[in-house]
Amino acid sequence: MNAIELIKKKRENQKLSVDEIRFLINNYAKGKIPDYQFSALLMAIFLNGMSVNETAALTEAMLNSGIIINLDSIAGAKVDKHSTGGVGDKTSLILAPIVAAAGVNVPMISGRGLGHTGGTLDKLDAIPGFRTDVNLTQYKNLIKKCGMVLASQTKNIVPADKLMYALRDVTATVESIPLITGSIMSKKLAEGIDGLVLDIKTGSGAFMKELKDAKALAKSLINTAKTFDKNVIGIITDMNQPLGNYIGNWLEVVESVEALQGKDIPDLMTVTNKLAGAMIYLGGKASSIDEGVEVSKEMIKNGKAYDKFLEVVKLQKGDISVLKDLSKYPKSKFSEKIVASRSGYLKEVDNYEVGMSALELGAGRLTKDDIIEPKAGIIFNPKIGDKIKKGEIIATLFTDNKKGIDSAKNRIEKALKYSSEVVAKPKLIKAILR
Ligand code: URA
């Protein structure tokens, strides 16, 4: 076998065999296939797709590029959540402590930002001192001690995804159902989970813009999870505007802390409670998703989720003093306000453009080697359906890089559409799939 012939085969829309897929993934993970050849393969997969069997083989090959963690020695259910990616999507930071506080173990291995979307690891990196690079013993000990861990893929866990993820991010090959399925499911299967809740985003800020594509992705993810005998619930949620109001790594930590302290952020908490509720249900601590939602709300109300968050941050070497006093964090050098150009009801937000604006301010990567500025980001005030007055502040931009401001401002101004007629608010939870 050689990479050129296999790339050609996929380019010609032929099916790759299990052995051929294993050959490609193993050799890329070992550094024997260079980035330029693997980029061509990714684009061929992106354009021609993969069958159910090819997707399962891809997931398995990626999974077997590293170790598979066994958590059988830890009592109780282990349940995780994974999102297909969005703008302002900080639900992981809020729901992991909620679910752990409710008595379900959460072994969470997260990824970095991808394309215009943010990543949980980049958000955790914004907390001074926080270590996501835990080894296997620490990973298990953290779950035993506080019922959760927020970890990165170490070089032993799905190394193939780590490499492929970074390459896809900069080769315009992210929005592919088989590649997203392989990426998410290999990481989740390696974690040692019993159950998984999938947050499949749809809308202008998601990789799957159309509901039908989100449903196809959900089906692909759920089928793959079942192949590996995992309990799974897929929830399709709205990504036509930022979730919550803060976008950017430190800003999203701030909003998560406020949510954990009980601030009502309606869209963010509706989605977070639903996902947490499904996890609590899968973990056997509620008899339905709705009952799980009530448990989730209770964990916020009684302060146990916030305490759990502080506990895990402390155990993972993060500085909790900045979480207790958010004003202690350093400030961006520049900030700029954007005001509404006209009065009317907010009709549409091109959320991809909002995500790209955050990247240009320094909150994400435009190339593989870019360094993220944790303070950079956007406070984005309005929600679709809101009545806006001309001159009202729509967004505030934060950055240390003055050059990014004009472009970000331009993108956001163009991303908003107004109507003189009343506009209905989008439905946040679009479907629940089993
Ligand atoms: N999240 C992942 O972990 N991988 C993807 O490919 C997309 C979202």
Side-chain angles (χ1 to χ4, degrees), residues 86-90 113 116-118 123 126 203-206 209 238-259 263-269 326-327 329-364 366 372-426 428:
V87 179
D89 178 10
K90 70 270 305 163
H116 65 285
T117 69
K123 294 169 206 191
S204 57
K209 313 264 179 259
D238 186 69
M239 198 19 81
N240 280 302
Q241 55 189 331
L243 193 57
N245 299 99
Y246 289 22
I247 308 140
N249 299 295
W250 171 249
L251 287 170
E252 293 192 40
V253 171
V254 170
E255 196 168 37
S256 302
V257 168
E258 289 174 348
K263 181 172 171 188
D264 185 26
I265 307 161
D267 61 335
L268 175 62
M269 291 319 290
L326 298 163
S327 68
Y329 204 74
K331 303 279 171 293
S332 286
K333 286 194 195 133
F334 308 102
S335 76
E336 175 99 6
K337 295 200 183 326
I338 302 179
V339 296
S341 57
R342 56 162 281 191
S343 296
Y345 294 92
L346 185 63
K347 183 174 158 211
E348 219 178 284
V349 177
D350 186 338
N351 206 14
Y352 167 80
E353 292 296 333
V354 178
M356 286 307 293
S357 311
L359 246 68
E360 292 194 348
L361 294 169
L366 290 165
I372 285 186
E373 169 48 54
K375 306 186 295 297
I378 304 166
I379 295 181
F380 188 88
N381 299 320
K383 292 286 161 192
I384 293 172
D386 283 357
K387 194 173 178 189
I388 314 275
K389 267 208 206 114
K390 186 174 175 182
E392 190 178 320
I393 295 169
I394 294 293
T396 310
L397 314 180
F398 299 93
T399 185
D400 281 353
N401 167 24
K402 203 164 197 272
K403 278 197 235 142
I405 291 184
D406 285 347
S407 163
K409 198 169 169 188
N410 198 20
R411 277 184 189 268
I412 292 183
E413 278 168 349
K414 282 209 293 219
L416 306 179
K417 296 217 164 44
Y418 300 91
S419 159
S420 24
E421 314 283 312
V422 173
V423 174
K425 300 216 171 258
L428 289 168

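- Salt-bridge formation is not detected for the pair Lys414/Asp350: no Lys NZ or Arg NE/NH1/NH2 atom is positioned less than 4.0 Å from an Asp or Glu carboxylate oxygen.
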Exercise for the section: Begin from the C-alpha positions of Leu268 and Glu255 and carry the test side chain to side chain contact (heavy atoms under 4.5 Å, CB included) through to its verdict. Expected result: CA-CA 10 Å; Leu268 175 62; Glu255 196 168 37; 4.2 Å; yes

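- The shortest heavy-atom contact between Tyr329 and Pro374 is OH-CB, 3.6 Å.
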Exercise for the section: Apply side chain to side chain contact (heavy atoms under 4.5 Å, CB included) to Phe398 and Ile379, showing your working. Expected result: CA-CA 8 Å; Phe398 299 93; Ile379 295 181; 3.7 Å; yes

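- At least one side-chain heavy atom of Ile412 sits under 4.5 Å from a side-chain heavy atom of Leu397.
- In this structure, Leu416 CG and Phe380 CZ are separated by 5.0 Å, a value rounded to the nearest 0.5 Å.
- Summarising the geometry of Pro382 relative to Leu346, their closest heavy-atom pair is CB-CD2, 3.8 Å, with the distance given to 0.1 Å.
- For Lys383, the NZ atom sits in a packed shell: over 12 heavy atoms of surrounding residues, nucleotides or ligands are nearer than 6.0 Å.
- Within the 3.5 Å criterion, the main-chain N or O of Asn381 finds a donor-acceptor partner in the side chain of Asn245.
- Side-chain N or O atoms of Tyr246 include none that pairs as donor or acceptor with a backbone N or O of Gly377 at under 3.5 Å.
- To the nearest 0.5 Å, atoms OG1 (Thr399) and NZ (Lys375) are separated by 8.5 Å.
- In terms of the salt bridge (charged side-chain N to carboxylate O under 4.0 Å, His left out) criterion, Lys390 has no residue partners (sequence neighbours excluded).
- Rounding to the nearest 0.5 Å gives a distance of 12.0 Å between NZ of Lys263 and CE of Met269.
- Closest approach of Ile393 and Lys337 over heavy atoms only: CD1-CD, 3.4 Å.
- Other residues, nucleotides and ligands place more than 12 heavy atoms under 6.0 Å from the NZ atom of Lys331.
- Heavy atoms of other residues, nucleotides or ligands lying less than 6.0 angstrom from NZ of Lys387 number 12 at most.
- From Leu361, atom CG reaches atom CD1 of Ile247 across 10.0 Å, with rounding to the nearest 0.5 Å.
- The two atoms that bring Ala363 and Gly248 nearest to each other are CB-CA, 4.0 Å, heavy atoms only.
- In this structure a side-chain-to-backbone donor-acceptor pair under 3.5 Å is present from Lys90 to Gly88.
- Asp267 places a side-chain N or O within 3.5 Å of a backbone atom of Gly244 that can act as its donor or acceptor partner.
- Between atom CD1 of residue Ile265 and atom OG of residue Ser256 there is a gap of 8.0 Å, rounded to the nearest 0.5 Å.
- Looking only at side-chain heavy atoms (C-beta outward), Pro330 and Trp250 stay at 4.5 Å or farther from each other.
- In terms of heavy atoms, Gly362 sits closest to Ala376 at C-CB, 3.7 Å.
- Listed for the Asn240 side chain is no donor-acceptor partner under 3.5 Å among the backbone atoms of Gly203.
- Here the NZ-CD1 distance, from Lys409 to Ile394, works out to 12.5 Å after rounding to the nearest 0.5 Å.
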Please tabulate, for side-chain N and O atoms in residues 351-359, each donor-acceptor pair with protein atoms closer than 3.5 Å (sequence neighbours left out).
from: Asn351; atom 1: ND2; to: Met239; atom 2: O; distance (Å): 3.2
from: Asn351; atom 1: ND2; to: Gln241; atom 2: O; distance (Å): 3.0
from: Glu353; atom 1: OE1; to: Arg411; atom 2: NH1; distance (Å): 2.7
from: Ser357; atom 1: OG; to: Glu353; atom 2: O; distance (Å): 2.6

